[in-house]
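Hydrogens, waters and symmetry mates play no part in the numbers below; they use all other heavy atoms, side chains included. Chain letters run A, B, ... following the sequence lines, proteins first and then strands; every chain starts at 1.
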Amino acid sequence: MCGKRSSAAEHLDSDELEQLSCSCTEVVFSKGDIIFKQNALSSNIIYIKDGLVNVHITGPEKEHILKIAKGPTYLGIPTTLGDKINHYSATALTKAKVCFIDINTFKYFIATNSDFAFEIMVDLCKNELYNFRCCVNHLQKQSSGRIADALLFFANDIFKNDKFTLPLNRIEFGDLTGCSRENVSRILMNFNSEGLININGKKIELLKTDVLNMISQKG
DNA sequence: GCATTAACCACAG
DNA sequence: CTGTGGTTAATGC
């Protein structure tokens, strides 16, 4: 039985949980491992129990990081139910425990348990709202605002700490924020010399989150 | 015009 | 892989 259940799975009864654990395969991925790949066939619902995952897509020009997902969370419901092939890839950024849930079992729960289905819908809705926000931010904020956003995101949502080690290199951080790698370097160094952050390679400490918030909002 | 922003290129640790 | 400097193009006073 799964130790880390989703809020949706809280609505399953013991028979259903039994059924879920029977149709669920747990895999442990190491840092850098590909969990699923864009353009490949997908036939499982992915549930991250634990770990950080990079969700990225190859666009017409270059690679773009859609989001950094932290377990416990579902991943790839849109890419599994929305089409036969994956529209994006997922790569482990840390060691990650992942469950592959059989799609037919998942569909069966959706069909027979409305509380479960509702929780899944809420999850998908929150995701869509988040993506809408990301979309305007990327289009309307300038580079320093987007980078401040990303720093605050890692501190507040991922690590719950103002001091953390960035799990990305500068190129990937650029792919996440929509900046060139050179610009990422420069803006980070600027923040550093202005005393907003303390940076040592990938180790970052946010010193003035109030100013970073200002920069994030002003664009 | 002049300043700002940001991408691209090249080169050095 | 990173940081830096020069160049260039677009945009806004």
In the single-linkage hydrophobic clustering (I, L, V, M, F, W, Y; side-chain heavy atoms under 4.5 Å), do A:Ile103 and A:Leu124 co-cluster?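 Yes, because A:Ile103 and A:Leu124 connect within a single hydrophobic cluster, where side-chain heavy atoms sit under 4.5 Å apart.
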Are A:Leu93 and A:Phe153 connected in a single hydrophobic cluster, I mean Ile/Leu/Val/Met/Phe/Trp/Tyr linked by side-chain heavy atoms less than 4.5 Å apart?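 Yes, A:Phe153 connects to A:Leu93 through the hydrophobic network.
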Per the side-chain hydrogen bond (donor to acceptor under 3.5 Å, both in side chains) rule, what does the pair list look like for residues 198-207 of chain A, sequence neighbours excluded?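 For residues 198-207 of chain A, and leaving out neighbouring residues, there are no side-chain hydrogen bond (donor to acceptor under 3.5 Å, both in side chains) pairs at all.
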With sequence neighbours left out, which residue pairs that include part of residues 90-103 of chain A fulfil the side-chain hydrogen bond (donor to acceptor under 3.5 Å, both in side chains) condition?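 For residues 90-103 of chain A, and leaving out neighbouring residues, the side-chain hydrogen bond (donor to acceptor under 3.5 Å, both in side chains) pairs sorted by first residue read A:His56-A:Thr91, A:Asp102-A:Thr105.
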Taking only residues two or more places apart in sequence, or in another chain, which ones meet A:Thr80 in a side chain to side chain donor-acceptor pair (under 3.5 Å)?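 A:Thr80 satisfies side chain to side chain donor-acceptor pair (under 3.5 Å) with no residue once adjacent residues are dropped.
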Pairing residues for A:Asn213 by the side chain to side chain donor-acceptor pair (under 3.5 Å) criterion, not counting sequence neighbours: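 With neighbours one apart ignored, the set is empty.
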Rounded off to whole Å, could you give me the [atom1]-to-[atom2] distance for the [X] and [N] pair?
{"X": "A:Arg146", "N": "B:dT5", "atom1": "CZ", "atom2": "P", "value": "13 Å"}
{"X": "A:His138", "N": "B:dA6", "atom1": "NE2", "atom2": "P", "value": "13 Å"}
{"X": "A:Glu182", "N": "B:dC9", "atom1": "CD", "atom2": "C1'", "value": "8 Å"}

Only distances under 3.5 Å count here; give the side-chain donor-acceptor pairs of residues 182-197 of chain A to other protein atoms, sequence neighbours excluded, each with its distance to 0.1 Å.
| residue | atom | partner | partner atom | Å |
| --- | --- | --- | --- | --- |
| A:Asn183 | ND2 | A:Ser143 | OG | 3.2 |
| A:Asn192 | OD1 | A:Ile199 | N | 3.3 |
| A:Ser193 | OG | A:Met189 | O | 3.2 |
| A:Ser193 | OG | A:Asn190 | O | 3.1 |

Quick check on B:dT5: is either OP1 or OP2 less than 4.0 Å from any side-chain nitrogen or oxygen of A:Ser143?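 For B:dT5, neither OP1 nor OP2 has a side-chain N or O of A:Ser143 closer than 4.0 Å.
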Per the end-axis method with five pairs at each terminus, what is the bend angle of the helix from B:dG1-C:dC13 to B:dG13-C:dC1, to 10°?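 Comparing the axis at each end, I get an angle of 0°.
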Heavy atom of residues 184-208 of chain A under 4.0 Å from DNA chain B: which residues?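 Contacting residues: A:Arg186.
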Contacts to DNA chain B from residues 170-181 of chain A, heavy-atom cutoff under 4.0 Å, which residues?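 When residues 170-181 of chain A is checked for heavy atoms under 4.0 Å from DNA chain B, the hits, listed by number, are A:Gly178, A:Cys179, A:Ser180.
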Nucleotide interval of DNA chain C bounded by contacts with chain A (heavy-atom cut-off, under 4.0 Å):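 The contacted stretch runs from C:dC1 to C:dG6.
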For a quick test of reading the model, state the closest non-hydrogen atom pair linking A:His138 to A:Gly178 and the distance between them.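 That closest heavy-atom pairing would be NE2-N, 4.4 Å.
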Smallest separation among heavy atoms of A:Arg170 and A:Gly201, with atom names: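 Residues A:Arg170 and A:Gly201, closest heavy atoms: NH2-O, 2.6 Å.
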Report, one line per pair, each donor and acceptor closer than 3.5 Å where one atom sits in a side chain of residues 161-169 of chain A; sequence neighbours left out.
| residue | atom | partner | partner atom | Å |
| --- | --- | --- | --- | --- |
| A:Asn161 | OD1 | A:Lys163 | N | 2.9 |
| A:Asn169 | OD1 | A:Ile171 | N | 3.1 |
| A:Asn169 | OD1 | A:Glu172 | N | 2.8 |

To which residues is A:Phe100 joined in a hydrophobic cluster, defined by side-chain heavy-atom contacts under 4.5 Å among Ile, Leu, Val, Met, Phe, Trp and Tyr, whether direct or through other members?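 Listed partners: A:Val27, A:Phe29, A:Ile35, A:Phe36, A:Ile46, A:Ile48, A:Val53, A:Val55, A:Ile57, A:Leu66, A:Leu75, A:Tyr88, A:Val98.
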Sort and list the pairs that fulfil salt bridge (charged side-chain N to carboxylate O under 4.0 Å, His left out) and have at least one residue in residues 150-160 of chain A, not counting sequence neighbours.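 Applying salt bridge (charged side-chain N to carboxylate O under 4.0 Å, His left out) to every pair that reaches into residues 150-160 of chain A, excluding sequence neighbours, yields nothing.
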Check: A:Phe116 ring centroid to A:Phe106 ring centroid under 6.0 Å: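 Judged by ring-centre distance (under 6.0 Å), A:Phe116 and A:Phe106 do meet the cut-off.
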